[in-house]
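Have a look at the structure below before the remarks.
Only a predicted model underlies this, so the values are computations on that prediction, with no experimental measurement involved.
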Amino acid sequence: DADHDDTGFIVVVIVATAGMASTTYVQFLKGSLLIVFSFVLVFLVLSRGLSTTPDQGGKVPAHKFVTLEVQDVTAASLTVRDSTYAFEKIIPAGKLSFVSLQKGGERSYWELDAAKGILTETQTIVVKPDGTSLYNGAPKSAGRFYQVGNMSEINGQTGEVSLDAMNLLSFSSTIKSGVVVRWGKQALVDGQDKVTVYYQKPTAGKDVMSPGLKYKVDTAKGAKTSDKLNFISLMLALFCGTAALPHILIRYYTVSSPAAARKSTIVAISAIGLFYLLTLFMGLGAMTNGVLDLTNDNMAAPLLAKSFGIAIFAIISAIAFATVLGTVSGLIVAASGAVAHDIMDRLSKHGITDQKKVFYGKLTAVGVGAVAMVLGIIFKSMNVSFLVGWAFAVAASANLPAIIMILFWKRTTAKGVIASITTGLISSLGLILLSSETFDLVYHTTAVAPVTVSNPAIFSVPLSFIALVVVSLLTAKKGNGSQAATPSLSDGKGTDAAKA
């Protein structure tokens, strides 16, 4: 529009581009540091080796969970051979059964294996009617709630077994051939007490190292159609969402040529892929080094780092904080520029002043930050893996179809892009809010969720593509075949970056 004053737009673009450029440098620095210290952490894990009684390098004695022999087991009673324990009751919980015992005036809970005639020690959090919480029968400050994570069998041997420094292949193969002690969680009601029981789940290493332990994919192991769809949907979100993350998109704002854009993207995706490989060994290290906190499954990496010393823990924590700031700053700058120019300026018939654009940009930054903090508080108890999967699903649904079709389908129109982004965003968020995981972990309700698949990508990504294609075909200009979704370059003044 020749009559439209674009001074404000230029100001916003310059500020946004400067912010993107600085954010890119921040992301480069924190990304490089994250990969370097991930390498360091993996090296330390391999140097420590494996043990059935991990003690965090001698800093924290490994707690040896005991078993008790029982006899005369019925549906309502049993006899404990150790006479120091007094039987109270059997508490059934689906396929599991737990037993409460008394010793020295203190109640404890044990998992019952009637077939083997044993009780296995558990860890418990008991919430009393007055709100007091007891961790293994004592206040949390007593330190009786233990960190866990170990192998019960290494190279076919049980008991106290330790292996020295290993390489990547020997580390993974040893875990695969052994038995890893995982932990399950069960909620119980004992009188007026609300009890959360954490119980041992010895799992063959080959199952730990194979797909299907978390998301079932094998029909022979009880996988249903919804389970398989959920796994496929998560994989689709992770693969497609990576290409649409801010870490990738931000590079198109700060490059000087198409070649630089391609190079920057390849480097970024390669670095992300390398980091994903390192997280595999960090996860296995946390699982076998006795550092897991059962009350907070988002702290595996920091607690693993802490087991090697406070210095590496401080560095990893600082890098994690920088990662959050680097990502959030880019998103807030992008949101501020989009709202100030693309929404507020366009809604005004005669445009708005530069001062108002800056004001709306600041207001957007505060609003986006406030919403993010509120959502962070609401979702604080959720495992970060669910949140990452959902974030990738939204990115794959709202961003990727538009990016792909603009680059590879010349009939893409601006209205088609808008329809794609809107459809992908609404469908992905809507399916997430109606999913079984949200009903269980966010709403804390026993109501049946209308959507059994927890990750929406398998539905929302195709819907976004369909919306773009249909709307683009319906809104294409007759004669030239398309209505360009990008600024016209026919005047010859477009930059290389714009042409890219």
Inset, instruction - Any chance you could lay out the side-chain contact (heavy atoms from CB on, under 4.5 Å) test for Asn136 and Tyr146, step after step, and finish with the verdict? - result: CA-CA 9 Å; Asn136 287 343; Tyr146 309 105; 4.0 Å; yes
Legend entry - side-chain hydrogen bond (donor to acceptor under 3.5 Å, both in side chains) between Ser173 and Ser170, intermediate numbers included: CA-CA 5 Å; Ser173 63; Ser170 62; 5.7 Å; no
Inset, instruction - Give the intermediate values and the outcome of side-chain hydrogen bond (donor to acceptor under 3.5 Å, both in side chains) for residues Lys228 and Thr219. - result: CA-CA 9 Å; Lys228 297 178 181 180; Thr219 304; 2.5 Å; yes
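Two rings, from Tyr109 and Tyr199, have their centers 6.0 Å or more apart. Under the 6.0 Å cut-off for aromatic ring centres, Phe65 and Trp183 qualify, their centroids lying closer than that.
With a 6.0 Å radius and a threshold of 12 heavy atoms from other residues, nucleotides or ligands, Tyr276 has its OH atom above the threshold. Atom CD of Gln192 is surrounded by 12 or fewer heavy atoms from other residues, nucleotides or ligands within 6.0 Å. Enclosure of atom OH in Tyr443 by more than 12 non-hydrogen atoms of other residues, nucleotides or ligands within 6.0 angstrom is indicated.
Side chain to side chain, Ser460 and Ser397 meet the donor-acceptor criterion of an N or O pair below 3.5 Å.
In terms of heavy atoms, Cys240 sits closest to Leu400 at CB-CD2, 3.3 Å. Here the closest heavy-atom approach between residue Thr158 and residue Ser152 is recorded as CG2-O, 3.6 Å. Scanning both residues, Ala237 and Ala396, for their nearest heavy atoms gives O-CB, 4.4 Å. Val217 approaches Gly212 most closely through the heavy-atom pair CG2-CA, 3.9 Å. Heavy-atom minimum distance, Glu121 versus Gln200: O-NE2, 3.6 Å. Nearest heavy atom pair, residue Val99 against residue Ile90, reads CG2-CG1, 4.0 Å.
Of the possible donor and acceptor atoms, none in the side chain of Thr445 sits under 3.5 Å from a partner among the backbone N and O of Phe439.
Taking a cutoff of 4.0 Å between a charged side-chain nitrogen and a carboxylate oxygen, Asp164 and Arg48 do not qualify as a salt bridge. With salt bridges taken as basic N to acidic carboxylate O contacts below 4.0 Å, one links Glu160 and Lys64.
Test Asp113, Leu101, Val66, Asp82 against Leu119 for side chain to side chain contact (heavy atoms under 4.5 Å, CB included) and you get one pass: Leu101.
Partners of Arg144 by side-chain hydrogen bond (donor to acceptor under 3.5 Å, both in side chains), not counting sequence neighbours, listed by chain and number: Glu106.
Classification of the Phe281-Phe171 ring pair by plane angle, with boundaries at 30° and 60°, yields tilted.
Distance check: Leu213 CG to Asp218 CG gives 12.5 Å after rounding to the nearest 0.5 Å.
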